[in-house]
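Some notes on the structure that comes next.
Any value given below was found using the heavy atoms of this structure, including those in side chains, with hydrogens, waters and symmetry copies removed. In what follows, chains are A, B, ... by sequence order, proteins preceding strands, each numbered from 1.
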Amino acid sequence: MTDLAHPDRLAKLAALRESGVDPYPARGVAARAVAEVRAGAGSSEEPGPLVGERVTIAGRLLGLRDFGKLIFAPVQDRSGRLQVGLKRDALAEWWPSRKQLDGGDLVGVSGTLGFTQKGEPTLWADEVRLLAKALAPPPEKWHGLTDLEARYRRRYVDLWASEGVLEVFIKRSRILSSLRAFLEEQGYLEVETPTLHPICGGATARPFITHYNALGEDRFLRIAPELYLKRLIVGGMERVFEFARNFRNEGLSRDHNPEFTMLELYEAQADYRRMMELTETMLERAALAVNGTTQCEFRGRTYDLQAPFARVRYGDLFEEHVGCAFDDREAVRAKAAELQIEEHGGYWKLMNDLFEELCEPHLEGPVFCTDYPLEICPLAKASPTDPRVAERFELFVAGMELGNAFSELNDPAEQERRFAEQVASKDPETPGEVDLDYVQALEYGMPPTAGLGIGIDRLVMVLTGQDSIRDVLLFPAMRRQESETHGDAPPVPGEGEA
RNA sequence: GGGCGCGUAGCUCAGUCGGUAGAGCAACUGGCUUUUAACCAGUAGGUCCCAGGUUCGAUCCCUGGCGCGCUCACCA
């Protein structure tokens, strides 16, 4: 027991058992969704088909308004809320046990659907069954849970006690369904690839490391599924996608959670132009599916996800906001010096820092920023018309990166050379070894292919109007609390390098 | 990691210019057959985040720590 289990409620639990009532019965009740019952009730002026019928609902008792011989109590399930009316005369046998009932308890109620004098749809009960006793009291009924930490730690309370929270996660689920349905229509196969990677590739990020006992080897939690999905293209699957949980051992912010969900997909015979079309069509549909409109309110502004999205070249943006060509090293370094941006990862890193600082904030979007400098795209294919740039785009909404796509590099020798460059850079965020198995896969031949990654959490933020990534994650990353467990915490291995 | 702020009852919060604390809701007792933040009367509930320091005395002041929030940095 934790100290949230209330003594009064524990006493009621004992009293229930004493009187032969199982406070945690083995079976639930066959219940109808509350929203369905409410819809069937209509209004007191125009009663619906369920009025006068006997129906059963099940859910959480949110409170009790006791009038002596009459009690009103709202019951809430996943679909909504309905008032239950408990009358002594209709529940003579059960009546004394009403004292054992508390707000927060899970109950099944059967009765006749009707209305009150004020016209409130009400289930007039003839049977009340306790389905599970709540020992911990619910949050304050008017303010609910407002402490952010408590809301995230106890999402199991937040979901029913805070307005609109469940709705966000219902929408999240529908967004995933919409994306999945769209891709399946397009002939894609959903696949699952390893989460434990021997080499940490497919993106640039610091990894989490774990140990594989059976193999006696360390593994990286994947930072991206990219290289495995492209192996499947070599394997002839041609159109694949994965909703991948990725892990990046980096900071938390309102746009970042160390574990996050990425939709990655790859399509043979496609290039990045096709990916742009697919992206805008897919997102437009998801918006319509979940909101009924392509307009969404996010961080105080309105964005329209109606296809087609705007396109702007990286180089053009660079010239506009930095004032020179991205490969004009002298000018770029001068501008960086002017802005006191330090060079700590070579020229191309510096150039991109400048881009992020000066250009990205202008990408309100939705907009595809296209044709990135080749040097910052180690897995992308060069443009056939301009060898300085890669066929790559990123999708931005509200200055936030939502997606990343490119025509995939499929020349094994070129890929090996770029891997070797990364390894030589000694950057802690790039792989420490060349993934020769991947190079070998390319040696068997990968067709012309394009790939796309969509940050699902950020997409959900935009489509549900949530400012923080933590509001679209059921259980966002939180520091461990001592009070969460019994027993001793496991030994903590030494911290990785800072 | 830096800056700012917060930590008081189960929940939402007040308060003590330093003398160990209050309200509303929830709970408990009683009353009430049409409420919907029900109402009325009463009762109970606190390691005032933790540890040091100053002081006759600290929940309040100081220092440190822990936790959380916002923000900046980091993070393609």
Under 3.5 Å on both distances, the Watson-Crick or G-U partner of [N]:
N	result
B/G67	B/C6
B/G18	none
B/U55	none
B/U29	B/A41
B/G24	B/C11
B/C48	none
B/C60	none

Residue among A/V75, A/V109, A/V37 satisfying side-chain contact (heavy atoms from CB on, under 4.5 Å) with A/L82
A/V37
Among A/F368, A/Y314, A/F406, which one satisfies side-chain contact (heavy atoms from CB on, under 4.5 Å) with A/F393?
A/F368
Mind running side chain to side chain contact (heavy atoms under 4.5 Å, CB included) on A/E433 and A/F419 for me, showing each step along the way?
CA-CA 8 Å; A/E433 340 166 46; A/F419 276 161; over 6 Å; no
Could you go through residues 56-65 of chain A and list every donor-acceptor pair under 3.5 Å that involves a side-chain atom there, pairing it with any protein atom two or more places apart or in another chain?
| residue | atom | partner | partner atom | Å |
| --- | --- | --- | --- | --- |
| A/T56 | OG1 | A/S110 | OG | 2.8 |
| A/R60 | NH1 | A/G104 | O | 2.9 |
| A/R65 | NH2 | A/Q83 | OE1 | 3.1 |

Look at all strands and tell whether [X] reaches a base, only sugar-phosphate, or nothing, counting heavy atoms closer than 4.0 Å.
X	result
A/D102	sugar-phosphate
A/I376	base
A/W124	base
A/R151	nothing
A/P378	base

Is a donor from one side chain sitting under 3.5 angstrom from an acceptor on the other, for [X] and [Y]?
X	Y	answer
A/Y272	A/D371	yes
A/E364	A/Y303	yes
A/E36	A/S79	no

Between [X] ([atom1]) and [N] ([atom2]), how many Å, whole number?
X	N	atom1	atom2	result
A/Q422	B/A76	CD	C1'	12 Å
A/L64	B/A37	CG	C1'	14 Å
A/F406	B/A76	CZ	C1'	11 Å
A/D89	B/U34	CG	P	13 Å
A/L10	B/C28	CG	C1'	14 Å
A/N352	B/A76	CG	P	9 Å

If you measure from the [atom1] atom in [N] to the same atom in [M], how many Å do you get, rounded?
N	M	atom1	answer
B/C25	B/U34	C1'	23 Å
B/G52	B/U12	C1'	32 Å
B/A21	B/G45	P	13 Å
B/A23	B/U16	C1'	15 Å
B/C72	B/U36	P	45 Å
B/G67	B/U54	C1'	26 Å

Those residues of residues 393-405 of chain A lying under 4.0 Å from RNA chain B by at least one heavy atom:
A/E394, A/E401, A/N404
Taking only heavy atoms on the protein side, list every residue of residues 310-322 of chain A lying under 4.0 Å from any atom of RNA chain B, sorted numerically.
none
Is it the case that more than 12 heavy atoms not belonging to A/R274 sit under 6.0 Å from its CZ atom?
yes
Does atom CZ of A/R313 have more than 12 heavy-atom neighbours, drawn from other residues, nucleotides or ligands, at distances under 6.0 Å?
no
Taking atom types as they are modelled, would you say the side chain of A/K87 forms a donor-acceptor pair with the base of B/U34 within the 3.5 Å cutoff?
yes
Pair A/R417 + A/E421, salt bridge at N-O below 4.0 Å
yes
Tell me which donor-acceptor pairs under 3.5 Å the side chains of residues 466-477 of chain A have, and how far apart each pair is, sequence neighbours excluded?
| residue | atom | partner | partner atom | Å |
| --- | --- | --- | --- | --- |
| A/Q466 | NE2 | A/T464 | O | 3.4 |
| A/S468 | OG | A/R470 | N | 3.1 |
| A/D471 | OD1 | A/Y152 | OH | 2.8 |

Go through [options] for me and flag the one nearest to the [X] side chain.
X	options	answer
A/F67	B/C32, B/G69, B/A26	B/C32
A/L70	B/G30, B/C70, B/U34	B/U34
A/R154	B/U33, B/C11, B/U36	B/C11
A/H256	B/C32, B/C75, B/C70	B/C75

Would you please confirm or rule out a distance under 4.0 Å between OP1 or OP2 of B/C74 and any side-chain N or O of A/K349?
no
Below 4.0 angstrom from OP1 or OP2 of B/G67, is there any side-chain N or O of A/R153?
no
Using a cutoff of under 3.5 Å, can you pull out all pairs of nitrogen or oxygen atoms linking the protein to nucleotides 43-45 of chain B, with atom names and distances?
none

After noting the C-alpha distance and the side-chain angles of A/E394 and A/F396, does the key distance pass the side chain to side chain contact (heavy atoms under 4.5 Å, CB included) rule?
CA-CA 6 Å; A/E394 289 194 353; A/F396 288 88; 3.3 Å; yes
Before giving the answer on side chain to side chain contact (heavy atoms under 4.5 Å, CB included), spell out for A/E127 and A/R54 the whole-Å C-alpha distance, their side-chain angles and the decisive distance to 0.1 Å.
CA-CA 11 Å; A/E127 187 181 357; A/R54 187 171 190 271; 3.4 Å; yes
Please list, pair by pair, any protein nitrogen or oxygen found under 3.5 Å from a nitrogen or oxygen in nucleotides 4-7 of chain B.
none

